[in-house]
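Not measured: the values here are computed from a predicted model. Counting begins at 1 with the first residue of the sequence.
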Amino acid sequence: MRLRLPSLDQITAGTRTAVVRFPGPVLAAVLAIIAAFDWIGARSTKDEEAMRVFASALLALPLSVAGTVALERWVQRPATAKWGGLLIGALVIPLYWLGFPHWTEELQAGRFLHLAILIHLLVAFVPFLGRREPNAFWQFNRRIFERWLLGVVYAGALFAGLSLALLALDKLFGASVPDRSYARLWATMAFLFHPLFFLAGVPKDLETLEPDASWPGGLRAFARFVLVPLTTIYLLILTTYFVKVVVTGQWPSGWIGWLVSGAASVGVLTLLLSGPPATRHEAPWASLFERWFWPAVLPAAVMLLLAIWKRIDQYGVTEKRYFLALLALWLLGIAIAFTVRRRLNLIVIPVTLAAIAAAIFAGPWGAYEVSRRSQFTRLAIVLDSLHAISGGRITPIAPDADVERSAEAANIVRYLVRTHGTTPMVRWLGDHQFTVQDLQPDSTGRFYSQAETVVAALGVQGYQ
């Protein structure tokens with residue numbers, strides 16, 4: 001595939017195609033760029049509102065894409081599909097919009113990333129639900145992946161070229177170019193040009209993709225000579241470490257989660273890029289990798305479970321530990337399933353991940369509520385051991401209290417206030433004359449200074 005910047009005619013035609021077929025995603029992109037401009041040039045009083053619009057629009061964009069492409073297949077009416085896709089984004093995203101002001105900055109970012117992963121997974125598989133089209137599923141995702149990467153390259157090249165033009169105007173002709181002009185140019189490329197370019201290349205007639213056996217040489221070489229060796233090295237290291245754990249009896253290191261997650265992510269990406277299912281047998285290396293990858297993942301998944309279980313047993317549940325624990329369980333389950341049934345459809349991977357992501361977003365069993373309850377329970381236990389709870393309320397910790405336990409209590413409070421805000425902590429403050437109004441977040445929505453206020457009220461402000 002030769003890399004050439006698009007001409008003006010191509011950009012115009014692609015924009016027209018994107019607007020006509022995807023009015024919902026295009027509208028979301030326009031809202032995102034308006035909010036980004038406002039955010040870049042706004043004062044602190046506007047930051048939260050601009051961020052709220054920006055985040056909601058970025059979630060609406062891929063959700064509307066998923067809805068439009070799926071409706072094109074299900075109802076086969078272009079008008080219904082494009083306006084239905086717009087309606088799907090308009091109905092679902094307000095849930096995030098309404099919850100946004102009630103979350104701390106930590107939860108705003110965490111929930112945004114959570115929903116973004118879920119929605120992008122929906123784009124990958126929703127158009128193929130109820131259909132046995134493994135080859136079409138692979139070709140569709142291969143094409144949108146390539147289109148997305150190509151859009152990044154084009155947007156980056158245009159940004160670099162136009163930035164140099166602005167710099168030349170500034171330095172050579174004395175034109176006053178504000179620094180925020182570069183930021184706004186980058187936002188235009190990232191949140192307007194790139195989405196329009198991507199949308200113009202989303203495959204339309206998905207039925208025609210099933211007999212398509214094409215496999216670009218560049219993609220094949222990347223999977224064979226880059227991804228396969230990397231995954232193999234990772235798995236060899238993890239397997240060797242697993243043997244060491246068994247022989248020495250040492251508990252897996254806490255950072256094992258990062259390596260296992262990285263190896264699994266690269267491995268799954270390798271599987272997804274290792275050729276269309278219909279012709280994968282023609283590449284012996286792809287068949288060999290597909291056969292042995294999942295059995296090799298089993299010991300890594302077991303180690304990850306052991307490591308995260310130990311951390312939870314010692315320090316309770318947090319959002320990150322909750323996600324890692326579920327990832328380990330999912331990885332173990334999916335590895336067993338693909339080891340037992342080697343010809344299992346790859347669509348199972350995004351479908352199961354999306355189902356888990358949707359299930360744990362809210363509710364008493366969700367990641368955020370379980371983490372909050374776990375840490376409050378742990379805080380109560382630690383404070384009780386310090387004799388710092390009276391009548392169900394916190395009292396200041398004695399100056400001669402155990403230093404390590406005091407520091408542990410302080411760190412739990414910091415996590416709870418920074419992540420879940422001050423409101424859940426107010427009822428714990430006893431006679432410390434703090435109210436919700438006294439502990440409101442700062443102008444950026446953060447609770448860092450308020451966390452230290454609560455820590456100081458406990459008498460443990462000197463411990464970190």
Can you give me the closest heavy-atom contact between [X] and [Y], atom names plus distance?
X    : Y    : result
A187 : A36  : CB-CB, 4.1 Å
A190 : P195 : O-CD, 3.4 Å
V417 : T104 : O-CG2, 4.3 Å
P62  : V123 : O-CG2, 3.3 Å
P211 : N135 : C-ND2, 4.3 Å

Query raised in the report: Per the ring-ring contact (aromatic ring centres under 6.0 Å, His included) rule, which among Y322, F323, W103 passes with H114?
Result: F323
Which residues pass the ring-ring contact (aromatic ring centres under 6.0 Å, His included) test with [X], not counting sequence neighbours?
X    : answer
W148 : H194
F54  : W39, F191
F198 : none
Y315 : none

Query - CH2 (W74) with more than 12 external heavy atoms under 6.0 Å - result: yes
Requested in this report: Step by step, work out the side-chain contact (heavy atoms from CB on, under 4.5 Å) result for L59 and L63.
Outcome: CA-CA 6 Å; L59 291 175; L63 183 62; over 6 Å; no
Query raised in the report: Is there any salt bridge (charged side-chain N to carboxylate O under 4.0 Å, His left out) pair reaching into residues 128-143, and which pairs are they, with sequence neighbours excluded?
Result: R73-E133, R142-E146, R143-D212
Report summary line: For residues 86-95, the salt bridge (charged side-chain N to carboxylate O under 4.0 Å, His left out) pairs (sequence neighbours left out) are none
Tell me whether [X] contacts the main-chain N or O of [Y] through its side chain, where contact means a donor paired with an acceptor under 3.5 Å.
X    : Y    : value
Q139 : S214 : yes
N141 : A124 : yes
R321 : I308 : no
R184 : I33  : no
W365 : A359 : yes
T419 : L416 : no
D313 : W309 : no
W97  : V53  : no
T68  : V65  : no

Report task. Kindly write out the residues that satisfy side-chain contact (heavy atoms from CB on, under 4.5 Å) with R373, not counting sequence neighbours, or none if the list is empty. Result -> P364, E369, V370
Query raised in the report: Would you call the rings of F293 and F289 parallel, tilted or perpendicular if under 30° counts as parallel and over 60° as perpendicular?
Result: parallel
Query raised in the report: Under 30°, 30 to 60°, or over 60°: which ring-plane class applies to F361 and Y368, parallel, tilted or perpendicular?
Result: perpendicular
Query raised in the report: Can you find a pair of side-chain heavy atoms, one from R147 and one from F197, that are under 4.5 Å apart?
Result: yes
Query raised in the report: How would you list all residue pairs meeting ring pair (Phe, Tyr, Trp, His ring centres under 6.0 Å) that involve residues 329-352, not counting sequence neighbours?
Result: W294-F338
Requested in this report: Quick one: which residue pairs count as a side chain to side chain donor-acceptor pair (under 3.5 Å) with a foot in residues 20-36, not counting sequence neighbours?
Outcome: R21-E72
Requested in this report: Sort and list the pairs that fulfil side chain to side chain donor-acceptor pair (under 3.5 Å) and have at least one residue in residues 120-129, not counting sequence neighbours.
Outcome: none
Query - Straight-line distance of L209 CG to F140 CZ, nearest 0.5 Å - result: 8.5 Å
Query raised in the report: Out of L304, L305, L327, which one pairs with V260 under the side-chain contact (heavy atoms from CB on, under 4.5 Å) rule?
Result: L304
Report task. Given side-chain contact (heavy atoms from CB on, under 4.5 Å), test F145 with L272 step by step and report yes or no. Result -> CA-CA 11 Å; F145 176 70; L272 295 175; over 6 Å; no
List, one per line, each side-chain donor-acceptor pair under 3.5 Å for residues 226-233, sequence neighbours excluded.
| unit_1 | atom_1 | unit_2 | atom_2 | d |
| --- | --- | --- | --- | --- |
| T231 | OG1 | L227 | O | 2.8 |
| T231 | OG1 | T270 | OG1 | 3.4 |
| T232 | OG1 | V228 | O | 2.7 |

Report task. Please name all residues satisfying side-chain hydrogen bond (donor to acceptor under 3.5 Å, both in side chains) with E319, sequence neighbours left out, ordered by chain then number. Result -> Y415, H420
Requested in this report: Could you walk me through whether L298 and I336 pass side-chain contact (heavy atoms from CB on, under 4.5 Å), step by step?
Outcome: CA-CA 7 Å; L298 289 172; I336 293 173; 3.7 Å; yes
Requested in this report: Take F100 and F112, measure what side-chain contact (heavy atoms from CB on, under 4.5 Å) needs, and give me the verdict at the end.
Outcome: CA-CA 9 Å; F100 190 91; F112 174 82; over 6 Å; no
